[in-house]
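Presented below is the structure to which this report refers.
All of these numbers come straight from a predicted model, not from anything done at the bench. Order of the sequence lines fixes the chain letters, A, B, ..., with proteins taken first and strands second; residue numbering starts at 1 for each chain.
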2 protein chains.
Amino acid sequence: MTRTVLPTILIWALILAAGAFALRWMEFQYLARAFPWRVYIGLIGAAFAAGGVWVGWRLAARAAPAPFARNTAAQAALGVTGQEMKVLEHLAAGRSNKEIAQALGLSPNTIKTHIANLFAKLEVARRTQALAKARDLHLIP
Amino acid sequence: MTRTVLPTILIWALILAAGAFALRWMEFQYLARAFPWRVYIGLIGAAFAAGGVWVGWRLAARAAPAPFARNTAAQAALGVTGQEMKVLEHLAAGRSNKEIAQALGLSPNTIKTHIANLFAKLEVARRTQALAKARDLHLIP
DNA sequence: GTCGAAATCACCCTTTCGGGCGATGGCCCC
DNA sequence: GGGGCCATCGCCCGAAAGGGTGATTTCGAC
């Protein structure tokens, strides 16, 4: 967090400096007018900008739930097939072999085979272990 | 970060330039009018707010990779005790009851009891299900 | 002092998992 | 047309996990 504060301050300092410079320039341009209202405009602009930053920050904070991109490289490297990935996802959802079989319209034996192959490819012996490793490899969220 | 500073300055320079131009134009258009300033205050405010939103969004996007804070509220609400949380963490690491027992210097029977209590509190029936739910409640990363 | 919650352990029994083995059919590629 | 890979299913058996019940100890709160 601290590392972003300094750049932020710098940016704002630059913006304010630019604004001041612009004000002087405009002062020169509109010499006849001697009103300080430009200052107000600057202040209002700064206030709106600050509010905008706050809003943008909030928006980004809640609208960015970490998109998660599946590590297809690891999947390919381990030779995990498509069907096995499907089973892996059901596994991560906490389903039993029987439930996965019903969800995919397959025999529990087939699910067992897929899971056994997954275990071999992930080099694990338990489903919880498989989940930990798969999450580590970003195969699942 | 550095790569965003230059575009930021450029954009703000553009905004300021556009604002100056708008001022001149409005000066001409509404020369005789008594209160044209409300219009540009609105415009400037909108422009600065928009720029601020943009900056805030960018800033938030590259800040804080979310270090994960355990949801102690949920833990308390469910009545999950400290020992059970320890067991839950080992569970998430993919360890068996026996391994957890050895790691904590306890009997496997005790681990079984803790896990059974966890299941009851999380309202699940399998360890993989418990992990899914615990992750959902942010009890574990 | 007693009551309750937490923590510890034990036993029994059923279900689920996992390992090992084999088998079949489809598909692609050389 | 044979070899390799994937997907599908079956059976057997042992290990792990889960459900139920009961017991003891410790410790803080009332």
Side-chain angles (χ1 to χ4, degrees), chain A residues 70-137 139-140, chain B residues 70-137 139-140:
Chain A
R70 172 144 78 234
N71 187 357
T72 50
Q75 181 187 345
L78 296 175
V80 176
T81 69
Q83 205 71 316
E84 285 162 1
M85 277 304 304
K86 272 194 211 164
V87 172
L88 180 57
E89 278 158 19
H90 285 275
L91 211 58
R95 309 206 215 298
S96 71
N97 291 352
K98 200 179 295 182
E99 286 170 341
I100 301 175
Q102 284 189 322
L104 296 182
L106 296 174
S107 159
N109 292 305
T110 305
I111 306 302
K112 279 191 59 174
T113 304
H114 286 319
I115 292 185
N117 290 333
L118 264 175
F119 286 176
K121 290 170 184 174
L122 291 175
E123 297 176 300
V124 295
R126 284 177 290 280
R127 32 179 73 205
T128 49
Q129 230 182 335
L131 290 182
K133 189 142 190 179
R135 222 173 294 275
D136 218 58
L137 295 169
L139 293 177
I140 49 178
Chain B
R70 171 144 77 234
N71 186 357
T72 49
Q75 182 188 344
L78 296 175
V80 175
T81 68
Q83 205 71 315
E84 285 162 0
M85 277 303 305
K86 271 193 212 165
V87 172
L88 180 58
E89 279 158 18
H90 285 275
L91 211 58
R95 307 205 218 296
S96 71
N97 292 350
K98 200 179 295 180
E99 287 170 341
I100 301 174
Q102 285 189 322
L104 297 182
L106 296 175
S107 158
N109 293 305
T110 305
I111 306 302
K112 279 191 58 172
T113 303
H114 285 320
I115 292 185
N117 291 333
L118 263 175
F119 286 176
K121 290 170 183 175
L122 291 175
E123 297 177 301
V124 295
R126 285 179 288 282
R127 33 178 70 203
T128 50
Q129 232 182 334
L131 291 182
K133 189 141 190 180
R135 221 173 293 275
D136 218 56
L137 296 169
L139 294 177
I140 50 179

Go through it in stages, so that I can follow the logic: the residues are A:Asn97 and A:Arg127, the test is side-chain contact (heavy atoms from CB on, under 4.5 Å), and I'd like the CA-CA distance, side-chain angles, deciding distance and then a yes or no. CA-CA 11 Å; A:Asn97 291 352; A:Arg127 32 179 73 205; 2.2 Å; yes
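Closest contact between the side chain of B:Gln83 and the listed nucleotides D:dG18, C:dT8, D:dT8 involves C:dT8. Distances were taken from every side-chain heavy atom of A:Lys98 (C-beta onward) to each of C:dT8, C:dT16, C:dC17; the shortest belongs to C:dT16.
Between the P atom of C:dA6 and the CG atom of B:Leu106 lies a distance of 17 Å, rounded to the nearest Å. Between B:Asn117 atom CG and D:dG22 atom C1' the separation is 14 Å, expressed in whole Å. For the pair A:Leu118 CG and C:dC17 P, the computed distance is 15 Å after rounding to whole Å. Rounded to an integer number of Å, the gap from A:Ile115 CD1 to C:dG20 C1' is 16 Å. Atom-to-atom, CG of A:Leu104 to P of D:dA7 comes out at 12 Å; the value is rounded to the nearest Å. In this structure, A:Gln102 atom CD and C:dT16 atom P are separated by 12 Å, rounded to whole Å. Summarising the geometry, the separation between CZ on B:Phe119 and P on C:dT16 is reported as 14 Å, rounded to the nearest angstrom. For B:His114 and D:dG19, the NE2 to P distance is 16 Å, given to the nearest whole Å.
Of the residues in residues 84-97 of chain B, those lying under 4.0 Å from DNA chain D by heavy-atom distance are B:Ser96, B:Asn97.
Not a single donor-acceptor pair under 3.5 Å links the side chain of B:Lys133 to the backbone N or O of B:Glu123.
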Could you list all N or O pairs between the protein and nucleotides 25-30 of chain D that sit under 3.5 Å apart?
none

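In this structure, the separation between CZ on B:Arg95 and CD1 on B:Ile111 is 11.5 Å, given to the nearest 0.5 Å. Taking CG of B:Leu91 as the reference point, atom CG of B:Leu131 lies at 5.0 Å (rounded to 0.5 Å). For the atom pair NE2 of B:His90 and CG of B:Leu88, the computed distance is 10.5 Å after rounding to the nearest 0.5 Å. To the nearest 0.5 Å, atoms CE (B:Met85) and CD (B:Gln75) are separated by 5.0 Å. Here the straight-line distance linking atom CD of A:Glu84 with atom CG of A:Leu78 works out to 10.5 Å at 0.5 Å rounding. One distance of note links CG of A:Leu118 with CD of A:Gln83; it measures 11.0 Å at 0.5 Å rounding.
Taking only distance into account, the side chain of B:Lys112 never meets the base of D:dG20 through a donor-acceptor pair shorter than 3.5 Å.
Each of A:Arg126 and B:Lys121 has a nearest nucleotide on DNA chain C; the 5'-most of these lies closest to B:Lys121.
Put simply, the side chain of A:Leu139 reaches to within 4.5 Å of the side chain of A:Leu122, judged on heavy atoms.
Using a 4.0 Å heavy-atom cutoff across all strands shown, A:Thr81 reaches sugar-phosphate atoms only and no base atom.
Taking 4.0 angstrom as the limit, B:Thr113 places none of its side-chain polar atoms (N or O) nearer than this to OP1 or OP2 of C:dT8.
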